[in-house]
2 protein chains.
Amino acid sequence: MGTIERKEREKESRKESIIDAAQKVFFEKGLPLSTMDEIAETAELAKGTLYLYYHSKEDLYLAVMMRGLMILRDMFREVVTRKLPVVKTLIEFANTYTLFYEQNKNYFRMLHFFNTPQFHKQVSEKMMKSCDEFNQTLWVMVTEIITQGMAEQKLRNDLDPIETAIILWSNSSTLLMRIDGQYEMFKDKLNIDLYKTLRLSNLLLLESMLTEQGKNDLKALLN
Amino acid sequence: MGTIERKEREKESRKESIIDAAQKVFFEKGLPLSTMDEIAETAELAKGTLYLYYHSKEDLYLAVMMRGLMILRDMFREVVTRKLPVVKTLIEFANTYTLFYEQNKNYFRMLHFFNTPQFHKQVSEKMMKSCDEFNQTLWVMVTEIITQGMAEQKLRNDLDPIETAIILWSNSSTLLMRIDGQYEMFKDKLNIDLYKTLRLSNLLLLESMLTEQGKNDLKALLN
DNA sequence: GTAGTAAATGACCAATAGTCATTTTTTGCC
DNA sequence: GGCAAAAAATGACTATTGGTCATTTACTAC
């Protein structure tokens, strides 16, 4: 009598196929220009059915965004499992974030949308919490590496690990965002390669956070 | 026969009073929840009239945002006219940006909305160009100070002035954005004071960009 | 086969950005 | 002041869309 279990699976797979459809539409048109009618049509379902599975268009948007977060988490995890020296790991985190952006621009943009304040009002408590918790796991991964680096005396231990994680993470985020929106403009009008700028700012920040020992590691890595 | 001139002035003042009304509504509800009907009512005009002066709701939004940009420009200008030593000026720029955020949170939020990619599609070319040009003036101000600092050998002259401006500006922007949206969360859950984090990251970055001479100036300023 | 339950539907509603034919106001002229 | 032409303002209307819910369809258990 595995009927209930099967139903559960079917429900889950329907949720997934709705996200598939939503993703297709959101990627093409962005949140404001995507319509629930189009998502429903793409999913080959009636509009009302969508609302049996998701509370609002914004919830659906976040459900798609979560897929992006999961990809990013997995990429970070993969770096951690390589058990590289701490300084190398931090550099790889930055490279990985950039790679994530390049391979998943649509998801990256969604992450950013999540930060606009007015957006949140249309989102259900539950979905919001779900996203926040997931986000947390990324912070934890970075913070853990930093803590480890301090223990190994590669990173200045007068800094707070969480604070350090925030600074590094924020730095990459903004510059990637700028690359996304204004790369050509900066290249053409000011002859600035923002990818170079990103690497430079990461390097400057990282360097200022390292101990002498850490700096030696970094120097060795750059040659 | 100054009729034409007078009409021009009246038209301008009507545009301003429409922005007044729009500002009031946008500040209260944010872009998505503000309606043109409510703005019209606040302005004591018919909705159709708004469209005689602005192409779209988004154009109106940007018109309000420009006021914020002007405030920020004037604050920066004021710092420049004080003709402080370069290192001090850079620190004051950072403080000024923070002050701008604190005194004009509503405007600050609008600046960030401007960066979301889908937003742009509803905006008229003309308004977009107008904003971009204005934005440019802020970049120029920061870049000029940095160039001056390099000439005075306070800032490492192997760095590109524009690149340096981008990095410093971006760093403050993200952290202020995070302060705006997540200050309480970071304070309560992680015991992190993001204002402190902002100051720290500015300091770390600035330090990594200074020459020995510049570092001495900085040290003197911090005591 | 049937009663009862779960899932899906789509016509419908309310809200709202934007339009445009009509009305009101202003201007220039006598 | 009166009047015609131009300019400005109006608000009813349209099209679109997020979300609802009474009804229909499909499935389950016996």
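Worth saying up front: this structure is predicted, and the values here are computed from it rather than measured. Lettering of chains follows the sequences in order, A, B, ..., and the numbering in each one begins at 1.
- Atom NZ of K57(A) is separated from atom P of dT16(D) by 15 Å (rounded to the nearest Å).
- Taking atom CE of M36(A) as the reference point, atom C1' of dG10(C) lies 14 Å away to the nearest angstrom.
- In terms of polar N and O atoms assigned as donor or acceptor, the side chain of K47(B) comes within less than 3.5 Å of the base of dA17(C) in a complementary pairing.
- Mapping G48(A) and G48(B) onto DNA chain C via the closest heavy atom, the residue that lands nearer the 5' end is G48(A).
- Proximity note for Y51(B) (side chain, C-beta onward) versus dT19(C), dT16(C), dG19(D): the nearest is dT19(C).
- Electrostatic pairing of E125(B) and K129(B) does not count as a salt bridge here, judged by no charged N lying under 4.0 Å from a carboxylate O.
- Here E16(B) pairs with R67(B) in a salt bridge; the nearest charged N to carboxylate O distance falls below 4.0 Å.
- Contact annotation for L45(B): backbone-only contact, meaning every heavy-atom pair under 4.0 Å involves sugar-phosphate atoms and none involves a base.
- The side chain of A46(B) sits closest to dG11(D) out of dA17(C), dG11(D), dG18(D).
- Listed candidates were dT16(C), dG19(D), dA7(C). Nearest to the side chain of E58(A) is dG19(D).
- Between D37(A) atom CG and dT16(D) atom P there is a gap of 11 Å when expressed in whole angstrom units.
- Side-chain contact of R178(A) with S170(B): a donor-acceptor pair under 3.5 Å is present, judged by distance alone.
- Residue-level contact check: Y53(B) touches the backbone only, with heavy atoms under 4.0 Å from sugar-phosphate atoms and none from bases.
- Of the candidate nucleotides dG18(C), dG18(D), dT9(C), dT9(C) has the atom nearest to the side chain of L52(A).
- In this structure, CD of E44(B) is placed 16 Å from C1' of dG11(D), rounded to the nearest angstrom.
- Aromatic ring pairs are classed by plane angle as parallel below 30°, tilted from 30° to 60° and perpendicular above 60°; the pair Y107(A) and F27(A) is perpendicular.
- Between the CG atom of L33(B) and the P atom of dT17(D) there is a distance of 18 Å, given to the nearest Å.
- Using a 4.0 Å heavy-atom cutoff across all strands shown, T49(A) reaches at least one base atom of the nucleic acid.
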